[in-house]
Structure formats: structure tokens, C-alpha cells
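Please read the structure below before turning to the comments.
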Amino acid sequence: MKEPVNALNFIEHIVEEDLANGFPKDLLRFRFPPEPNGYLHIGHAASICLNFGLGEKYNAPVNLRFDDTNPAKEEQEYVDAIKRDIAWLGFQWANECYSSDYFQQLYDWAVLLIKEGKAYVDQQSSEEIAAQKGSPTTAGTPSPFRDRPVAENLELFEKMKNGEFPAGSYLLRAKIDMASPNMHMRDPILYRIVNAAHHRTGTKWCIYPMYDWAHGQSDYIEQVSHSLCTLEFKSHRELYDWYLDQIYDSSRLRPKQREFARRNLSYTVMSKRKLLELVQKKVVAGWDDPRMPTISGLRRRGYTPDSIRKFSDLAGISKRDNVTDVSLLEYCIREDLNKTATRVMAVLNPIKLVITNYPVDKTEILSMENNPEDPNSGTHEVPFSRELYIEREDFKEDGGKKFFRLSLGNEVRLKSAYIIKAESVVKDEAGNIVEIHCSYDPESKSGSGTEASMRKVKGTLHWVSIAHAIKAEVREYDRLFLDEAPDAHEDKNFMDFINPESLRVIKEAYLEPYLAKATLEDKFQFQRLGYFTLDTDSSEGNLIFNKTVGLKDTWAKQVEKPVQSQKASTPNPSPQGKRKALNEIQQISKKLTNFSGEKLENAISSIKELAGEVSYEELEPLFNTAAKKVGTRIGVMITLGVLLNSGQEKNQAILDYIQSGLSDENELLRTEAEKLK
RNA sequence: UGACCCAUGGUGUAACUGGCAACACGUCUGAUUUUGGUUCAGAAGAGUCUAGGUUCGAGCCCUAGUGGGUCAACCA
């Protein structure tokens, strides 16, 4: 077997290459640079894990830098939340930095730029400036103030800083190239006037640097070696480098920006703006609503730091657009919790079960394993008595052969207790079952070692003793959106896809009494149901549990199957939605030479079906298909046959193609060509 | 219409200097199981967007095309 030595992502390849080219390892330095204008989400986790992961891998420092250059949007609350989330994920930053720490330096550099004639003060409206920018295909036109004398620029900029102008009246712009194909190079704005209190610098400044002017310079000040950001900043890189060129001192390290694709998750949205909208429109209860893809939401839902780090690890880093399936995230949390969560019993949808041959006032204290995956986890006590609750779905009068649960006349085990047999049911006037009457086998007590206790029964049910159960609220969550990529539709707003049933509240669930002393830190597995954790809304005597994620449920799949197979019978619509028929034909054709018998016939008939949607103009270029791609040539031949049948005239190109097929060494191709002669 | 980026099983990522396309999730079997969970054993699923070229040999290099994305806030 090959060793999986070099499973590096492309960023790591870049670092390795730099190292190989002589970049000193101890100069490696990274940073995670959030703007404190919202909460961190699972997409940020990718960036956090990338940067801090690199730090761990190369033993390099990683700064946490707040990109706080826009006081209108930023708040201390977000700073605190971001720090909490990163720390919770288990990462330690080397320095806590703020772009606002560099305001003076940035200002001094800007003055330098003005003195060198590379920046000027503009005083046009934003509309005028936007109009002059031109478009990606047409060059911009220079501002009438572009050639303002240096002394005047200096004076105006000074006045801007001193608060002598109203917001929006003056700007400092870099003088670069109004004709650049890169829009960001068309005299970008360095400074604007903002009259808002900054969460750190208060009202000391009234001019604030733009992102581009602040970011690269901050990287430079902190001597960040690799400045990693998401792909939408790719076109900013030219400007990043241009700004650096203006102030770069060759004795110091020069940072470089590289870009990776942001991580998307299916059935949710991943932009602060959209998440904020969900919060503001009260679709969710807040940034930390357990349905939110925020770090704080996931934490409240019961996700662990390990599970999120593992997810980031498995999902990887690349430059491709992606929508990672939530099932990968769910796998990560199940895997973690399976090893650590305490097993308990809870009944969410109760039905009463009476053990008719069990003494009326007897209570037994049974012992239950805390976690079968961990032999050192110990046990806890569970009270057992004559009247219990079990899940309503765990009983059917006549369950049928594949139903392993309780049904009349059949035996099941009550987890950690006895084997019981259902004898009869009590129904109300409407015919609903209200009670199940059972008998139990006193010899079958779990762990007693008796022959009866070793008996194999098909099913095991969880239960709670009615007299001892405690009540709690349980909140179950479903995906927030009904569409896999709710914000990927041009014609529809992501809000149109909101799942109206994303929250299901069970006001009265019954839990075993052990849960009375649950804390926010505890993680439980409600046996056979899923993983649950206490919600922060809980209070003394008012327990509220969140369902983190269900257990895998192959039985549920069985039950759904009839419905699913109907769906599956519609001929697999292509994932992209609008793949052309000819492309599909090409895809199928490739495999033609590997097929035989029924498979081959199926392939040919689906080609014929698709061929109806193909025009001759589309098909003709494929007549040139290389000789070695026999499958494609056969597919083209078949498609051509369909076209000829539906009235296509034989022209010279077609005759030539048929002729070439007739003399091919592939038999199938010859046969198909023969038919068209 | 311009510039730039991207394209590998259903999904997400690997594949070193060009050399048998790999891993994980998901799906499906079977075994084990006092959780229809876990665990274990196995299977299916990709000629790497298309066409051409270079080469003994291309997922990788070159050309052209197709498809998708990004870029024109006094946001970051």
C-alpha cells in the first residue's frame, strides 16, 4: 500500500514550497482576521482551523486580529463572542490585535503616499465616483481632483482628520490606474470620514481606513508571512501588493496573500448578512439559536469543539465552489458523542405500559451502564416499577415480521430490566390505545445470569417508571431550510426556503430521575433516540433539553422506503439541473465498450432517448472524435441514426463518418454503422 | 462585453517530478450486539467537463471550447 504521506492541501503545499525555497521556518506567522460585526459560523471554523492548524503544524504564532475599520458596524459584543468561540474551539492566539491599533501608523503612511504624489483628496459624491469608475469592459475616467497639488492634498487630509468636514464630503484616494482591468486598481479609496464612535478608539478618529489599506499593512506590521483569505478577495491581491510596495522595507518580511474557497454547508446559509437577517426577522431566536450554523448555535445545540475541528479537517481546503453535505458534520458529532455521552433513558412520546404480574407497590433499583463504549464509565441507578412509559412507536398490535418491537403475544426486553410479553390493550371510545398490558418473566432480570435472562429476544425497548419519572421540555431541530443550497437560486430569495417545521417542541417528555442533576456541560445519549444536551434556557426545576442529532436509524429508512423508491424512479435529474442531452450521451457512451448484455442495451436505449433532444449542429463536431475513443464514436453513431430516422439529410460529413465506422476494428461500431448505410 | 479563478464517484477532498485514480461521508449487503446505535467484514458507484495536441504513457503539460464562480460599496 502507498503511504498517504503527502495529503497536503494547496495552502500547505505553498508553505512547503516556500520553506523549500529557503524561507526560514521560524518566520512563519499566521493570523485569523474577523471583523467584529457578527458571530462566527462553521465557515469561519474552516479558516480558524486552517490558520491555527498551520500554526500548530509549524509551531508558528497565530494572531487574532480584529479588522475593526468600520465603527458603524462593529461592536464589543461581537469581539467578546468571537474570542469566546475561538477559545472554545481550543485554539490559543499569540497576540490579540486590532487594526485600530495601527490607525496612527496607517495615517502616517497615507501622508507619505500623498507626499509622493500617489494619493489625492477627492470631493465628489459617491455617485460621481462610481460613474467615473467605468465598468469591467470600459476604462474609467479620472477625477477632476486627481492632480490636486500635494500641498493642498496634505492640507485637506489634515482637515479631514481634524473633523473639519462632514461625513461624505471628502475622501483620500490612491492614484493608481483608472484604466486597469482590475476595478480595485481604479484609484481606490484609502480613507473616508465616518462620524461614529469606535468601540475601542471612541471619537479620537473621524477618518477611517478602508479594508484594503488596513489589511495588508496590518499583516506587514505584525509580520504575518501568509495572509490567507477567501476567494472573493482574489482580485484585491493586486492592490494588496501595490500598497505593500509603497511602504515595504526590504529588511522586513513581506506578507503574501493567498485565497481559498469558503466552506458552504447544505441546507443552510453562511453569510453574516443572511444570518443577521434570520436573527432580525426572528426566524430564529438569536445568533446562538441551535438551528444556526454559528459556532455558538452549534455549541448550544450540543456540538463539541472536537467534532467541529474534525469536520474542518475532513472537509479540507481547496479553491472549488462547494456545498458540503451536513451529513458529514453529523457524522463527526455522532462519532465524538458515541464515545463520551452518558446513556440514559427518556420517553418522548409516551404510552402507558402495565406489567400485570408485577407487585403494585414494589420498586426495584436497577443498574445501567453509563457507556458501553467505555468500560471505565461506570453505572447509574434506575428505578423500575409496575407502571411504565414506553414510546408509542414501539408498540403495534400486529407489527408484522420485520417489526422487532413490542406487539401482542410477542416478547421484548426492557433495557437493563426484564423480558416482557404484551397480552392485551386498553382502548378509549375512539379506538386509540391508551394502555398496554403485559406480563413479565421474573427470572429474566438483566445481568442476573439466569438462563431466562440470557434468552435472546428480537427487540430491546427503553422505558421510564411513571412514578419516578421527571418531566422536561425537549426541543428537536430539523434543517432550517428546505433547499440544499437556499442562496444559490437567482430567481428566489433564500428566505423563501425556510423550513416552517425546523423546531419541534415536546412540552412534556419523561426522563429517568438521574437526569434531574444534569448540567450544561453534560452530554447524554437518550437511548435509541439520539444525543441530547441541556439548553441554556433551562432553570432549576425546569429542564429543557436540545436534541443535538439523532442516532442513525436504519429502521426509519425501512419504513420510508416505499415513498423513497417512488422518488428514485424519476430518471435521476442531473445535479446541476441543466446538463445538455448531448453531454449525457457522451458520458454514457464512454462506458459502452465495457458493457454487455442487458447493461449495454439499457445504455443504447437511453442514448436513443436522449438523441431526440440533440440537433445535428451540436453533433457534427463530434465526428472528429479521436479514433481511440471508441465508446464516444459508437454513441455518436447511434445518435446520428436517430437523427437520420427523424429526417436528417445525409451530407458528405455524415457519409464520411459512417464510412469510417464501417472500417473500424470495433465490432459494435461496425454494427451500428452498418445500420446507417 | 473584459479580467481573473475553478472543473476528479451522490457529497467533500487526495493523487509528490507525467506512471494501476485514493480516502472520508453517504448508499447497499452480511455478521455481531440487552440501543434497528456501536463494532467488524464486504459491495456498488469515476475512464478525472468536451475536443484536439505533446508523450511510450496525461487527472496532471499545451491549445480551443463548454459549464460554474468572482470583480465595478465612502462594507469587510
Side-chain angles (χ1 to χ4, degrees), chain A residues 2 4-9 13 33-35 37 67 69-70 72-73 125-126 129-130 133-138 140 167-168 170-171 180-184 186 189 191-194 208 210-212 214-215 231-236 238 259 261 263 266 272-273 314-325 327-332 334 338-339 343 369 372-373 402 404-405 413-417 419 446-447 453 456-462 525 527-530 551-558 572 575-576 578-580 582-583 586-587 590-591 594 621-622 624-626 629 631-632:
Chain A
K2 253 199 243 174
V5 252
N6 268 352
L8 303 180
N9 64 48
H13 276 295
E35 182 189 13
N37 68 341
D67 223 331
T69 56
N70 184 4
K73 285 188 176 175
S125 69
S126 63
I129 291 176
K133 267 221 153 155
S135 78
T137 47
T138 58
Y170 287 89
L171 287 170
S180 169
N182 183 345
M183 299 295 287
H184 297 284
R186 325 248 261 226
I189 296 167
Y191 275 94
R192 79 286 209 189
I193 299 170
V194 180
Y208 289 89
M210 298 288 288
Y211 164 85
D212 290 293
H215 202 96
L231 239 28
E232 64 268 29
F233 290 100
K234 177 68 214 282
S235 56
H236 292 244
E238 194 180 352
E259 310 82 13
R263 175 128 328 262
S266 61
K272 282 192 214 169
R273 203 206 88 222
L314 290 180
I317 293 288
S318 73
K319 296 174 82 163
R320 302 158 56 175
D321 288 345
N322 59 79
V323 182
T324 304
D325 202 296
S327 66
L328 186 64
L329 221 208
E330 291 175 345
Y331 159 79
C332 292
R334 281 197 192 102
N338 176 49
K339 288 184 290 201
R343 268 55 170 180
E369 270 182 301
E373 305 296 313
K402 288 178 111 177
F404 299 164
R405 307 176 182 188
R413 175 175 295 281
L414 293 174
K415 177 75 184 174
S416 302
I419 293 173
S446 287
S453 75
K456 299 280 178 209
V457 287
K458 266 196 310 190
T460 302
L461 306 186
H462 62 277
Q525 185 194 90
Q527 209 122 187
R528 300 210 302 135
L529 296 175
L551 258 26
K552 266 201 182 170
D553 192 348
T554 46
W555 168 244
K557 272 187 218 158
Q558 289 281 320
N572 185 30
Q576 248 61 0
K578 44 190 162 183
R579 185 175 196 153
K580 281 196 283 181
L582 186 60
N583 286 347
Q586 286 170 295
Q587 208 68 281
K590 280 182 182 178
K591 302 180 206 164
N594 309 0
L622 294 190
N624 297 321
T625 301
K629 300 190 179 182
T632 305

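Chain letters run A, B, ... following the sequence lines, proteins first and then strands; every chain starts at 1.
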Is [X] touching bases, backbone alone, or none of the nucleic acid, heavy atoms closer than 4.0 Å?
{"X": "G134(A)", "answer": "base"}
{"X": "P372(A)", "answer": "base"}
{"X": "N37(A)", "answer": "nothing"}
{"X": "L551(A)", "answer": "base"}
{"X": "V457(A)", "answer": "nothing"}
{"X": "K458(A)", "answer": "nothing"}
{"X": "Y191(A)", "answer": "nothing"}
{"X": "K133(A)", "answer": "sugar-phosphate"}
{"X": "S318(A)", "answer": "sugar-phosphate"}
{"X": "I129(A)", "answer": "nothing"}
{"X": "Q525(A)", "answer": "base"}
{"X": "N182(A)", "answer": "nothing"}
{"X": "R186(A)", "answer": "nothing"}
{"X": "T632(A)", "answer": "sugar-phosphate"}

Where the side chain of [X] is defined as all heavy atoms beyond and including C-beta, which of [options] is the nearest nucleotide?
{"X": "D325(A)", "options": "U13(B), C5(B), U11(B)", "answer": "U11(B)"}
{"X": "K557(A)", "options": "C28(B), U34(B), U70(B)", "answer": "C28(B)"}
{"X": "I189(A)", "options": "U38(B), C74(B), A14(B)", "answer": "C74(B)"}
{"X": "D321(A)", "options": "U34(B), G69(B), A14(B)", "answer": "G69(B)"}
{"X": "Q527(A)", "options": "G37(B), A76(B), U35(B)", "answer": "U35(B)"}
{"X": "E373(A)", "options": "U38(B), A76(B), U34(B)", "answer": "U38(B)"}
{"X": "T554(A)", "options": "A24(B), G37(B), C74(B)", "answer": "G37(B)"}
{"X": "A315(A)", "options": "G37(B), G12(B), G68(B)", "answer": "G12(B)"}

Please state whether the base of [N] and the side chain of [X] form at least one donor-acceptor pair under 3.5 Å?
{"X": "E330(A)", "N": "G26(B)", "answer": "no"}
{"X": "R528(A)", "N": "U35(B)", "answer": "no"}
{"X": "H184(A)", "N": "A3(B)", "answer": "no"}
{"X": "R405(A)", "N": "G36(B)", "answer": "yes"}

In the structure I gave you, are the side-chain heavy atoms of [X] and [Y] within less than 4.5 Å of one another anywhere?
{"X": "E373(A)", "Y": "R343(A)", "value": "yes"}
{"X": "R192(A)", "Y": "N70(A)", "value": "yes"}
{"X": "Y211(A)", "Y": "H236(A)", "value": "yes"}
{"X": "W555(A)", "Y": "R405(A)", "value": "yes"}
{"X": "L171(A)", "Y": "I129(A)", "value": "yes"}
{"X": "L461(A)", "Y": "R528(A)", "value": "yes"}
{"X": "M183(A)", "Y": "S235(A)", "value": "no"}
{"X": "T460(A)", "Y": "Q527(A)", "value": "no"}

Rounded to the nearest Å, what distance is computed from the [atom1] atom of residue [X] to the [atom2] atom of nucleotide [N]?
{"X": "K456(A)", "N": "U32(B)", "atom1": "NZ", "atom2": "P", "result": "9 Å"}
{"X": "R334(A)", "N": "G37(B)", "atom1": "CZ", "atom2": "C1'", "result": "10 Å"}
{"X": "E232(A)", "N": "A3(B)", "atom1": "CD", "atom2": "P", "result": "22 Å"}
{"X": "L231(A)", "N": "C6(B)", "atom1": "CG", "atom2": "P", "result": "8 Å"}
{"X": "Y331(A)", "N": "U27(B)", "atom1": "OH", "atom2": "P", "result": "13 Å"}
{"X": "H215(A)", "N": "C75(B)", "atom1": "NE2", "atom2": "P", "result": "17 Å"}
{"X": "Y208(A)", "N": "A76(B)", "atom1": "OH", "atom2": "P", "result": "12 Å"}
{"X": "R343(A)", "N": "U35(B)", "atom1": "CZ", "atom2": "C1'", "result": "8 Å"}

Original post:
Do we see W555(A) stacking on the base of G36(B), given a limit of 5.5 Å between centres and 30° between planes?
Top reply: yes
What do you reckon, do F404(A) and the base of G36(B) stack, with centroid distance below 5.5 Å and planes below 30°? yes
Assert: residue with more 5' nearest nucleotide on RNA chain B, out of G168(A) and K552(A), is K552(A)
### Task
For S327(A) and for L171(A), locate the closest nucleotide of RNA chain B by heavy-atom distance; then report the residue assigned to the nucleotide nearer the 5' terminus.
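The residue whose closest nucleotide sits nearer the 5' end is S327(A).
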Now, which nucleotide makes the Watson-Crick or G-U wobble pair with A3(B), with each of the two distances under 3.5 Å?
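Here A3(B) is engaged in a pair, and the nucleotide opposite it is U70(B).
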